[in-house]
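Beneath this line is the structure, given in structure tokens, with notes to follow.
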Amino acid sequence: MLKNIFVEVKNKFETAIGILKKEKITIDPEDPAVVSHYAKVMKTIREKASLLPESQDILSTIEIETQDIPDARTYLLTLKEIRVKRGLTDDLGAEALMIDALDKVEKDLKKPLLRNDKKGMDLLLAEFDKINKKLGIRKEDLPKYEEELELKVAKAQLEELKKDALEAMETQKKRYY
């Protein structure tokens with residue numbers, strides 16, 4: 001079994017390296033065209049190596065890490081931890097609004113909201129719908145948000161590559177002189 005896993009990971013790695021050898025990657029996170037090209041290359045790698053897109057990987061992580069959480073508050077706090085660990089920002093302030101909505105629902109229910117409380121969860125989801133409307137978030141725009149996420153991730157990766165490259169050049173420069 002371990003051999004099969006190793007072979008699978010090795011094949012995915014070789015697929016990624018093969019694509020990267022053919023592609024010219026410019027390390028300029030400030031150039032939108034460069035970021036877009038890098039995101040396309042990474043998407044190609046994920047498709048050819050059968051890896052999940054970033055948005056699906058996040059969903060998978062959420063499902064795994066939250067499956068045994070009984071209450072809505074711990075669930076929302078775990079979502080925040082996942083977001084922070086992934087380096088994603090909450091530019092719209094949606095998390096605070098979601099916690100406020102949960103506070104409101106729990107105040108109405110006069111008890112903590114459990115995820116298996118259908119009536120309570122329906123109330124919370126209705127509050128979330130109001131928040132999404134207020135923030136201008138629409139379900140039909142999800143593909144656009146996924147694409148924006150891929151570009152943000154690509155930009156962050158390019159920034160990290162640039163930092164690492166500059167550090168390596170500085171180290172070489174010090175050794176040379």
Side-chain angles (χ1 to χ4, degrees), residues 12 15-16 19-20 23-106 113-118 120-164:
K12 289 179 180 188
T15 299
I19 293 169
L20 288 170
E23 289 292 334
K24 179 184 174 214
I25 304 291
T26 304
I27 303 176
D28 185 3
E30 303 309 317
D31 184 342
V34 168
V35 173
S36 179
H37 173 72
Y38 180 75
K40 286 178 187 166
V41 169
M42 297 312 289
K43 181 178 182 181
T44 301
I45 289 171
R46 281 192 302 277
E47 288 171 354
K48 301 270 188 209
S50 301
L51 300 169
L52 292 175
E54 193 69 25
S55 58
Q56 287 181 357
D57 189 38
I58 291 169
L59 280 175
S60 175
T61 300
I62 289 169
E63 287 174 15
I64 291 167
E65 292 192 24
T66 62
Q67 65 186 3
D68 296 327
I69 296 175
D71 65 291
R73 185 168 304 277
T74 305
Y75 179 84
L76 290 179
L77 294 174
T78 302
L79 291 182
K80 181 178 181 178
E81 287 175 20
I82 292 168
R83 179 189 60 75
V84 170
K85 282 180 194 172
R86 295 239 174 198
L88 301 172
T89 57
D90 179 18
D91 298 331
L92 299 175
E95 280 176 349
L97 295 172
M98 290 167 63
I99 292 291
D100 290 345
L102 176 61
D103 290 340
K104 178 183 175 191
V105 169
E106 287 183 337
L113 177 59
L114 298 178
R115 291 172 64 199
N116 64 1
D117 176 352
K118 180 157 175 36
M121 288 302 293
D122 286 346
L123 291 172
L124 183 62
L125 292 176
E127 290 295 321
F128 286 176
D129 286 342
K130 290 177 191 174
I131 291 168
N132 287 338
K133 190 171 186 174
K134 178 180 172 185
L135 295 175
I137 298 170
R138 301 175 335 161
K139 285 184 181 177
E140 52 269 16
D141 291 338
L142 283 177
K144 180 182 84 169
Y145 300 137
E146 288 178 8
E147 185 178 324
E148 288 172 4
L149 173 64
E150 296 294 332
L151 289 174
K152 278 185 179 181
V153 169
K155 183 173 180 170
Q157 289 174 345
L158 284 174
E159 287 169 348
E160 191 66 27
L161 283 170
K162 182 177 179 179
K163 184 182 119 206
D164 291 346

So, do [X] and [Y] sit near enough that their side-chain heavy atoms are less than 4.5 Å apart?
X	Y	result
Ile99	Lys80	no
Leu113	Met121	yes
Met42	Ile45	yes
Glu81	Glu65	no

Check the pair Lys130 / Glu127 against side-chain contact (heavy atoms from CB on, under 4.5 Å), numbers first and verdict last.
CA-CA 5 Å; Lys130 290 177 191 174; Glu127 290 295 321; 3.3 Å; yes
Any chance you could measure [X], atom [atom1], to [Y], atom [atom2], to the nearest 0.5 Å?
X	Y	atom1	atom2	result
Lys104	Leu123	NZ	CG	9.0 Å
Leu77	Ile82	CG	CD1	11.5 Å
Leu52	Asp57	CG	CG	5.5 Å
Glu63	Gln56	CD	CD	10.0 Å
Leu97	Leu102	CG	CG	12.5 Å
Lys163	Leu161	NZ	CG	10.5 Å

How far apart are the C-alpha atoms of Lys85 and Thr61, what are their side-chain angles, what is the distance that settles it, and do they pass the side-chain contact (heavy atoms from CB on, under 4.5 Å) test?
CA-CA 11 Å; Lys85 282 180 194 172; Thr61 300; over 6 Å; no
Under 3.5 Å, side-chain donor or acceptor atoms of residues 142-152 against the rest of the protein: list the pairs with distances, not counting sequence neighbours.
residue	atom	partner	partner atom	Å
Glu150	OE1	Arg46	NH2	2.7
Glu150	OE2	Glu54	N	3.1
Lys152	NZ	Asp91	OD2	3.3

Residues Lys118 and Asp122 bridged, charged N to O under 4.0 Å
yes
Inspect the contact between Lys162 and Glu159 and indicate whether a charged nitrogen and a carboxylate oxygen are less than 4.0 angstrom apart.
no
Return yes when atom NZ of Lys12 has more than 12 non-hydrogen atoms of other residues, nucleotides or ligands closer than 6.0 Å, and no otherwise.
yes
Measure across Thr89 and Arg83 and return the closest heavy-atom pair with its distance rounded to 0.1 Å.
CA-NH1, 3.7 Å
Taking all non-hydrogen atoms of both residues into account, name the closest pair between Leu124 and Ala101 and its distance.
CD1-C, 3.9 Å
Is there any side-chain hydrogen bond (donor to acceptor under 3.5 Å, both in side chains) pair reaching into residues 66-78, and which pairs are they, with sequence neighbours excluded?
Asp71-Thr74, Arg73-Asp103, Arg73-Glu106
Between side-chain atoms of residues 24-33 and protein atoms elsewhere (two or more places apart, or another chain), which donor-acceptor pairs fall under 3.5 Å?
residue	atom	partner	partner atom	Å
Asp28	OD1	Glu30	N	3.3
Asp31	OD1	Ala33	N	2.9

